[in-house]
> 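Here it is, the structure, as structure tokens.
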There are 2 protein chains.
Amino acid sequence: MSEIQSLARGLKIMELLAASSDPVSITELAAELGIDKSSASRLVQTLAIYGYAEQDAASRRYRLGPQVVRLSRSLLTRMPLRDAAKPFLRQLVERTGECAHLAILAQDQALYVDQVESAASLRVTTGVGTLAPLHCTALGKCLLAFDNGIASPQALPSFTPRTITDPQALRLHLEQTRRQGYAVDDEEYDFGVRCVAAPVFDYRGKVIGAIGISGPAGRMGLDRLPHFAQVVLDAARELSNRMSFQRA
Amino acid sequence: MSEIQSLARGLKIMELLAASSDPVSITELAAELGIDKSSASRLVQTLAIYGYAEQDAASRRYRLGPQVVRLSRSLLTRMPLRDAAKPFLRQLVERTGECAHLAILAQDQALYVDQVESAASLRVTTGVGTLAPLHCTALGKCLLAFDNGIASPQALPSFTPRTITDPQALRLHLEQTRRQGYAVDDEEYDFGVRCVAAPVFDYRGKVIGAIGISGPAGRMGLDRLPHFAQVVLDAARELSNRMSFQRA
DNA sequence: GCGGATTGTTGTGCATTATACAACGCAGCG
DNA sequence: CGCTGCGTTGTATAATGCACAACAATCCGC
């Protein structure tokens, strides 16, 4: 009995509220969780009391409350990696003209925790807070390839014809990624989007995140990838150096 | 008995984790909430299972988990006001050279939900997710002055010598704010920082947020404030027009 | 404007559940 | 090597949250 039922249910409700773009009714919540309407009502009321949910005055339906933004802020502002990475992300944008991202490992997925946008009108942005699969993004592959403790994902869902879906092929691909020190996503997650990323290590040599750039395949030709990779690698190495001096 | 105890305790734990910059121990959590260590342990374990908390491997202490960032993202990206306001914030930065912000009312405070930074090296940034008091910020005063339903804050804490701490004085000040249609913060919250803000209304004429600019007192001289106010007012009015056509 | 249907909220008894107390394993440290 | 402080794990008890049901409120078509 290591899981508090009502807390778990409350968290699940928040996730349901987050997943749906429109406000959700009590009945829908109850049906989705397989619990009674009255339980769902009281749980979501408790969430509302503390600002984690709020009900639309007109429709009586519930949506996520503003309190979650506060939690998010205090997490992001207290992340030393994020502060340290910011100038390097800016540098990457300056040198490559593409958008730069920082991601960490969260729940066996890549969580984008910061982004610097390029000035190009055609650009590839991935909002802060996005979760992306590990096996088909450059940032994710870095986390996957350089982190020892992480288990390979069991399912390899396909997003484009180029997505690597064979476990053996992925293993070889990650092997190559390790050798060259950086990862490439060649239109494996989004059509027409290529990414290059490199891992960031802490003082113990453990992967704590990855930084990289994303751009349209047109500007990020395969012949230019090695150049981009070098730029990203340089930034990631310098950032890793910085991170060696602070803990966590 | 409309409040589910264990869910409420879990939420309080998240707030404690968010409030503390360093990881928190189980004992501290238990003491802070006035509950037993074992209860705190199981609650925070449940949070950890779902990614809302995570424990530092070395110290066994707990900090906020990455899942909260996801929740925040889905809230912010589904906020029509935020999308609609973005170009106006950019416009404000272009026209004034100062940082522009968008805030909404949350838990009787001003919650900053978006920001566009200026290029100036000396600039006043307020991170997305920040909560600020209503009575001493320009954005907050807008929410306070133009929202009928909201009660005046009971306590008026002072942050600088200029903070308005007398309820009667605040009432008069808000009256003037209503008349002129915009609010001014003249170094009442941060030394050397002045802000100008104007309210945003929806199709029913209800306040749904406020936009404004913040800058160092040096550049935002009192003689220039009327000009800035006009620029902010124009943007807020146009944004309100846009918001009239979509609900919520 | 009105009846029917759907939805959200409010009692209440019961049983599940979360809780407090205590014991245990495990570090760090003198 | 024993001590102390910490986090986790049993366990019994009782408080708590749950399902069922009735109620209130809203929306729908006609």
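Computed from a predicted model, the values in this text were never measured in an experiment. Residue numbers start from 1 in every chain, and the chains themselves are labelled A, B, ... in the order their sequence lines are given, proteins ahead of strands.
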> Take the protein atom CD of Glu54(B) and the nucleotide atom C1' of dG7(D), then report the distance between them rounded to whole Å.
18 Å
> Tell me: CD1 of Ile26(A) to C1' of dC27(D), nearest whole Å?
18 Å
> Taking only the side-chain heavy atoms of Ile4(B) (C-beta and beyond), determine which of dT9(C), dC18(D), dG7(D) contains the nearest atom.
dC18(D)
> Look at the side chain of Lys37(B) and decide which nucleotide, out of dA20(C), dT8(D), dT17(C), has an atom nearest to it.
dT8(D)
> Using modelled atom types only, decide if a donor and an acceptor are shared between the side chain of Ser72(A) and the backbone of Val68(A) within a distance under 3.5 Å.
no
> For a quick test of reading the model: is some side-chain N or O of Gln5(B) closer than 4.0 Å to OP1 or OP2 of dT17(C)?
no
> Any side-chain N or O of Ser39(A) less than 4.0 Å from the OP1 or OP2 oxygen of dG17(D)?
no
> Classify the side-chain pair Ser158(A)/Thr165(A) by whether it contains a donor and acceptor separated by less than 3.5 Å.
no
> Atom CZ of Arg42(A) to atom P of dT9(C): distance rounded to whole Å?
11 Å
> At under 4.0 Å between heavy atoms, what does Gln55(A) touch on the DNA or RNA strands: base, sugar-phosphate, or nothing?
sugar-phosphate
> In terms of the nearest nucleotide of DNA chain C, which residue is placed more toward the 5' end: Leu7(A) or Ser41(A)?
Ser41(A)
> State whether the distance check finds a donor on one side and an acceptor on the other, under 3.5 Å, for side chain Ser6(B) versus base dA18(C).
no
> At less than 4.0 Å, is any side-chain N or O atom of Tyr62(A) found next to OP1 or OP2 of dT7(C)? Yes or no.
no
> If you take atom types as modelled and just measure distance, does the side chain of Arg9(B) reach the base of dG17(D) with a donor-acceptor pair under 3.5 Å?
no
> Send over the distance from Asp36(B) CG to dA15(D) C1', rounded to a whole Å.
15 Å
> Can you tell me how far P of dA20(C) sits from CG of Leu33(B), to the nearest Å?
11 Å
> Ignoring hydrogens and geometry beyond distance, is the side chain of Ser38(B) in donor-acceptor contact with the base of dA20(C) at under 3.5 Å?
yes
> If I take atom CG in residue Asp56(A) and atom P in nucleotide dT26(D), what distance separates them, rounded to the nearest angstrom?
14 Å
> Under a 3.5 Å distance rule, please check whether Arg178(A) uses its side chain to pair with a backbone N or O of Ala145(A) as donor and acceptor.
yes
> Would you check if the side chain of Glu54(A) reaches a backbone N or O of Gly65(A) as a donor-acceptor pair within less than 3.5 Å?
no
> Surrounding CD of Glu32(B) (heavy atoms of other residues, nucleotides or ligands, distance under 6.0 Å), is the total greater than 12?
no
